[in-house]
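Notes follow once the structure below has been shown.
These figures come from a predicted structure and were not determined experimentally. For ligands, and for the atoms within them, numbers begin at 1 and follow the listed sequence.
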Amino acid sequence: MTPLAQITLRCGPAVRTPRRSLALAGWLVCSLAVLGAPAAWAEGYPTRPISLVVPFAAGGPTDVVARTLSVPLAKALGQPVVVENKTGAGGTVAATIVSRAAPDGYTLLIHHNGMATAPALYRKLAYNPLTDFEYISQVVDVPMTLVARKDLPAKNLPELLVYLKAQGDKINLAHAGLGAVSHLCGMVFRQAVGVDLTTVPYQGTGPAMAALLGGQVDLLCDQTTQTVPQIKAGAVRFYGVTTAQRIKALPDAPTLAEQGLKGFEVMVWHGIYAPKGTPREATERFNAALRVALKDPTVMARMADLGAEIVPDAKLTPEGLRSWLKQETERWGPVIKSAGVYAD
Ligand code: ASP
């Protein structure tokens with residue numbers, strides 16, 4: 001098979017002939033050759049390691065999802081899938097980097113609700129989530145949990161609400177930057193309880209959890225993909241899950257809603273994106289590998305243990321991701337704008 005480079009080179013001087021018929025024939029051959037290129041290109045992709053960019057620090061929930069998938073993805077693709085943590089600004093640094101990366105299928109982004117909230121939070125956002133990317137697929141939906149440092153006096157949610165009213169801004173809440181879901185969950189919680197907690201940003205909820213375990217911060221609203229092991233180990237105070245129904249991973253855990261915090265539902269969805277212009281052959285090839293990886297028994301067991309729900313087939317499509325992203329952007333925009341919260 002002629003490598004792509006030679007095919008495109010053959011479309012250079014070789015077809016410039018003095019006679020019209022030969023030129024036309026040459027052009028036709030060249031066009032067919034170039035048209036044939038995507039097939040050759042697709043059969044080759046990937047021919048080198050793929051970078052899967054995670055917008056938050058290692059050890060956090062997004063990182064856990066990416067690294068859990070990277071092993072079966074590499075097996076399905078025949079090339080390493082290298083997880084790269086590029087942190088900052090609630091995930092917008094990483095999204096900016098990927099939006100500007102070469103559209104060749106070798107730099108991809110895994111991100112969550114932050115793709116939908118950034119346009120409302122960042123007035124000088126360097127990318128448009130709905131036009132500057134190719135869409136590969138949704139991945140998993142992950143509930144959140146409200147946890148505290150183990151020695152916080154409040155043993156349950158009713159006691160916590162009384163304690164927060166008394167302590168006010170002496171109590172701090174950690175998050176992973178404006179636009180991170182831990183920040184959004186914290187914002188919804190603060191509004192629900194009517195207490196203006198002090199917030200402490202980190203480069204991800206991996207470091208935020210470390211600070212909580214070390215007693216440096218009081219509260220954290222984070223995804224079960226990180227908190228389930230800590231809750232099961234009794235290493236943190238646990239007040240409830242942010243879902244409408246209880247979850248299988250923590251069957252005895254109450255929801256915040258059933259304890260009186262009505263309407264407190266936050267679910268973290270995830271998508272995989274490529275820079276605009278990435279050939280369809282690459283995005284489709286990665287999508288197919290992702291579908292295989294999500295059916296890997298090890299992945300399914302780990303996601304179930306961590307409370308992460310693998311999305312149904314209808315969401316495992318580029319259209320399933322883009323339409324959901326559009327819907328979420330339209331949902332969160334007015335909520336954030338009405339709160340008057342801006343990150344820049
Ligand atoms: N998902 C982020 C992380 O993995 C945390 C967040 O968005 O709150 O650190």
Side-chain angles (χ1 to χ4, degrees), residues 52-70 83-98 108-122 125 129 138-148 172-190 197 199-213 217-230 236 241-243 264-273 302-303 306-309 325 328-329 332 335-336 341 343:
L52 181 59
V53 176
V54 167
F56 300 99
T62 309
D63 190 67
V64 165
V65 172
R67 291 182 194 276
T68 301
L69 289 170
S70 65
V83 173
E84 290 191 78
N85 304 88
K86 295 183 185 293
T87 63
T92 58
V93 166
T96 302
I97 290 168
V98 173
L108 305 178
L109 171 74
I110 182 168
H111 198 5
H112 57 33
N113 310 38
M115 278 298 263
T117 57
L121 280 167
Y122 291 83
L125 199 60
Q138 288 194 51
V139 188
V140 290
D141 291 343
V142 183
M144 299 195 84
T145 52
L146 184 62
V147 294
N172 58 44
L173 175 131
H175 61 77
L178 269 64
V181 286
S182 50
H183 166 254
L184 292 171
C185 182
M187 190 173 74
V188 173
F189 177 67
R190 291 195 338 259
L197 305 170
T199 61
V200 183
Y202 289 83
Q203 293 299 309
T205 49
M209 177 58 82
L212 190 82
L213 294 172
V217 290
D218 300 313
L219 286 172
L220 172 66
C221 187
D222 197 15
Q223 299 167 69
T224 55
T225 28
Q226 165 151 246
T227 59
V228 163
Q230 304 298 350
V236 294
V241 291
T242 63
T243 43
F264 196 104
E265 285 173 39
V266 183
M267 181 67 94
V268 184
W269 54 274
H270 296 72
I272 296 183
Y273 305 83
R302 181 151 167 75
M303 294 299 182
L306 295 177
E309 295 164 20
L325 172 63
E328 285 284 284
T329 304
W332 280 102
V335 171
I336 291 170
V341 173

* Rounded to the nearest 0.5 Å, how far does CG of N172 lie from OG1 of T199? -> 9.0 Å
* To do: Would you give the length of the straight line joining atom CG of D141 to atom CD of E309, rounded to the nearest 0.5 angstrom?
  => 6.0 Å
* **Heteroatom distance test (Q223, ligand 1): nitrogen or oxygen, under 3.5 angstrom** => yes
* To do: Carefully, step by step, assess L306 and V65 under the rule side chain to side chain contact (heavy atoms under 4.5 Å, CB included).
  => CA-CA 10 Å; L306 295 177; V65 172; over 6 Å; no
* **Numbered atoms and elements of ligand 1 in range of G204, under 4.0 angstrom, heavy atoms** => 9 (O)
* To do: Return a yes/no value for H183: is any of its N or O atoms, backbone included, closer than 3.5 angstrom to an N or O of ligand 1?
  => no
* List every atom of ligand 1 that sits less than 4.0 Å from any heavy atom of A176, numbering the atoms from 1 in the order shown and giving each element. => 5 (C), 6 (C), 8 (O)
* Asked: Going by the order shown, which atoms of ligand 1 are within less than 4.0 Å of some heavy atom of G60?
  -> 4 (O)
* Protein contact to atom 5 (C) of ligand 1 [nearest heavy atom, distance to 0.1 Å] -> T205 OG1, 3.3 Å
* To do: Just need the protein heavy atom nearest to atom 8 (O) of ligand 1, so name the residue and atom and give the distance.
  => S182 OG, 2.5 Å
Anything under 3.5 Å between a donor and an acceptor, one on a side chain of residues 108-116, the other on a protein residue two or more places apart or in another chain? List them.
| unit_1 | atom_1 | unit_2 | atom_2 | d |
| --- | --- | --- | --- | --- |
| H112 | ND1 | G114 | N | 2.9 |
| N113 | OD1 | W269 | N | 3.0 |
| N113 | ND2 | M267 | O | 3.1 |

* To do: Show which atoms of ligand 1 fall inside a sub-4.0 Å distance from at least one heavy-atom site of H112.
  => 1 (N), 6 (C), 7 (O)
* Structure fact -> Rounded to the nearest 0.5 Å, the OG1 atom of T205 sits from the CG atom of D222 at a distance of 3.5 Å
* Is the shortest distance from a heavy atom of H175 to ligand 1 less than 4.0 Å? -> no
* To do: Enumerate the atoms of ligand 1 whose separation from the nearest heavy atom of A180 is less than 4.0 angstrom.
  => 6 (C), 7 (O), 8 (O)
* **Inter-residue atom distance F189.CZ - L219.CG, 0.5 Å rounding** => 6.0 Å
* Asked: Within the structure, does V181 bring an N/O atom to less than 3.5 angstrom of an N/O atom in ligand 1?
  -> yes
* So, is T62 polar-close to ligand 1, with some N/O to N/O distance under 3.5 Å? -> yes
* Any chance the side chains of T145 and T227 put a donor and an acceptor closer than 3.5 Å? -> yes
* Residues forming a side chain to side chain contact (heavy atoms under 4.5 Å, CB included) with T68, sequence neighbours excluded -> V64, V299, R302, M303
